[in-house]
Number of protein chains: 2
Amino acid sequence: MRDAIIEAVITGRLAPGDRVIEATLSRELGVSRGPVREAFRELAEQGLLVLAPHRGATVPLVTERDAYEIYSILTFTERLALRLVKEHLSGAMLGTFKEAVREMRAAAERGDAPGVAHADLAFNDALYAFAGHRRLARLWQGLKAQCYLLVREYAPRTYASLSAVVEHHATIVDLIEHAGWAELRRYLEANADRVDARLLELLGPADAAPREA
Amino acid sequence: MRDAIIEAVITGRLAPGDRVIEATLSRELGVSRGPVREAFRELAEQGLLVLAPHRGATVPLVTERDAYEIYSILTFTERLALRLVKEHLSGAMLGTFKEAVREMRAAAERGDAPGVAHADLAFNDALYAFAGHRRLARLWQGLKAQCYLLVREYAPRTYASLSAVVEHHATIVDLIEHAGWAELRRYLEANADRVDARLLELLGPADAAPREA
DNA sequence: CATTGTATGATTGTCAACAATTGGCAATCA
DNA sequence: TGATTGCCAATTGTTGACAATCATACAATG
């Protein structure tokens, strides 16, 4: 149910801007409006749908500002998760991370942007699962959904330099394994500062422009 | 509707552990199950309710681990929000912050823990509203709800030293106004590190103990 | 006495119909 | 032409009834 809608959003059957009506969709899916309604609320909560009462829900447009809002949170969650994981790191965890990086690198080498994105998500899924921080994991699940929208729209820019994405993750794995927390932290913060700085630029002009649910 | 339930949870009419049934509550509130159901989902999303299908929803018990999970996220959101606010700080914002600190100090001086908590929430509401980061603001709204549960249960410990809470906020306001970002950042990170360290201790023993929705 | 099967009641999941609200459009008037 | 008002259709909000599911208690069996 929920996944059916998500799938429609992700695959692009639902493009940003077009209206989705509870009744229409419930007929299409062959269920009543109740479950559809619930799914709508959940998707809206995750930022995959914008509810506009009596005007139909729409798939949101992800602006560059939105992208940096997401990134600015992800840099933090990544940092905290890595810290927690690093503390009781096992061989199995390391293996999972390395495997994800391997896949990512293979995808990058054949210029397969969706493949890189997929491996990126897998890497993060593992990261937050291992971290053992329930609220952090939930937070990631929510942001992940928005990442789908993001890569769909900004694949060219976000994954402009596929090798840069790969190297970022490779560096992280290397630092987890061989370096101390202080060093890993320095690396992550340099990254975060870059993101935050860009966010500040984007936030300046249109400071109070509400749109979301 | 939603607020009616929240209010029941906060004021303690609903204690951690006792079951809340959709049908029962809908009768009590004089509405049908539909709206109640929606509110349940929303509260569950925010962590104020744990849904256990066919066994009744319950108000969750907030363990010390939960508390530090919340704190570890709040230290970050606070840091990012402060950075964004500091960049285009206005006199009105500063005034709002100072007023909140004033209230907080007054409450602390008469030993009024709930009063301190209230002013704390007001301070944060203002902070995230001013930051202009939509997703960060949403994140705060979610955590705020859990803070209600938290203070209800841990008021003695969390607000053990009321003056410490006051001074924390006073320091922040002072640093926003008179110091640079680097200095404010050092202060915040020292705080965050303390929280993270404690979280690591708590996460160690019961690493994989799921309970939440 | 432990274990498994079964009946039963409680609770949630789903549905279709109805009520309330709203946005947009057409008719009207300046 | 441009603005205003009233109406209508589309959409969401709510309801009560029904179906499905699950937990629990109890009985039957080894």
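- The ring-ring contact (aromatic ring centres under 6.0 Å, His included) check on A:Tyr68 picks up A:Tyr71, with sequence neighbours excluded.
- Partners of B:Arg105 according to the salt bridge (charged side-chain N to carboxylate O under 4.0 Å, His left out) rule, which considers only residues two or more places apart in sequence or in another chain, are B:Glu167.
- One interatomic measurement links the two molecules: CZ of A:Arg37 to P of C:dA16, which rounds to 16 Å at whole-angstrom precision.
- In this view, B:Arg19 satisfies the side-chain hydrogen bond (donor to acceptor under 3.5 Å, both in side chains) rule with no residue, not counting sequence neighbours.
- For DNA chain D, the span of nucleotides reached by chain B at under 4.0 Å from its heavy atoms goes, 5' to 3', from D:dT14 to D:dA23.
- Taking B:Phe40 as the reference, nothing meets the ring-ring contact (aromatic ring centres under 6.0 Å, His included) condition, with sequence neighbours excluded.
- Under the side-chain contact (heavy atoms from CB on, under 4.5 Å) criterion, A:Val31 pairs with A:Met1, A:Leu29, A:Val36, sequence neighbours left out.
- Judged by distance alone, with hydrogens and angles left aside, the side-chain atoms of B:Glu38 form no donor-acceptor pair with the main-chain N or O of A:Glu38 at under 3.5 Å.
- With sequence neighbours left out, the side-chain contact (heavy atoms from CB on, under 4.5 Å) criterion links B:Thr77 to B:Ile73, B:Leu74, B:Tyr128, B:Leu136, B:Leu139.
- Applying the side-chain hydrogen bond (donor to acceptor under 3.5 Å, both in side chains) criterion to B:Ser72, with sequence neighbours excluded, gives A:His133.
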Contact list (N/O, under 3.5 angstrom) for nucleotides 20-26 of chain C vs protein:
from: C:dT21; atom 1: O2; to: A:His54; atom 2: ND1; distance (Å): 3.3

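- Screening residues 20-34 of chain A for side chain to side chain donor-acceptor pair (under 3.5 Å) gives A:Glu22-A:Arg33, A:Glu22-A:Arg37 as the qualifying pairs, with residues at least two apart or on separate chains.
- Of the residues in residues 18-35 of chain B, B:Arg19, B:Ile21, B:Glu22, B:Arg33 come within less than 4.0 Å of DNA chain C through at least one heavy atom, sorted by number.
- Partners of B:Phe76 according to the ring-ring contact (aromatic ring centres under 6.0 Å, His included) rule, which considers only residues two or more places apart in sequence or in another chain, are A:Phe76.
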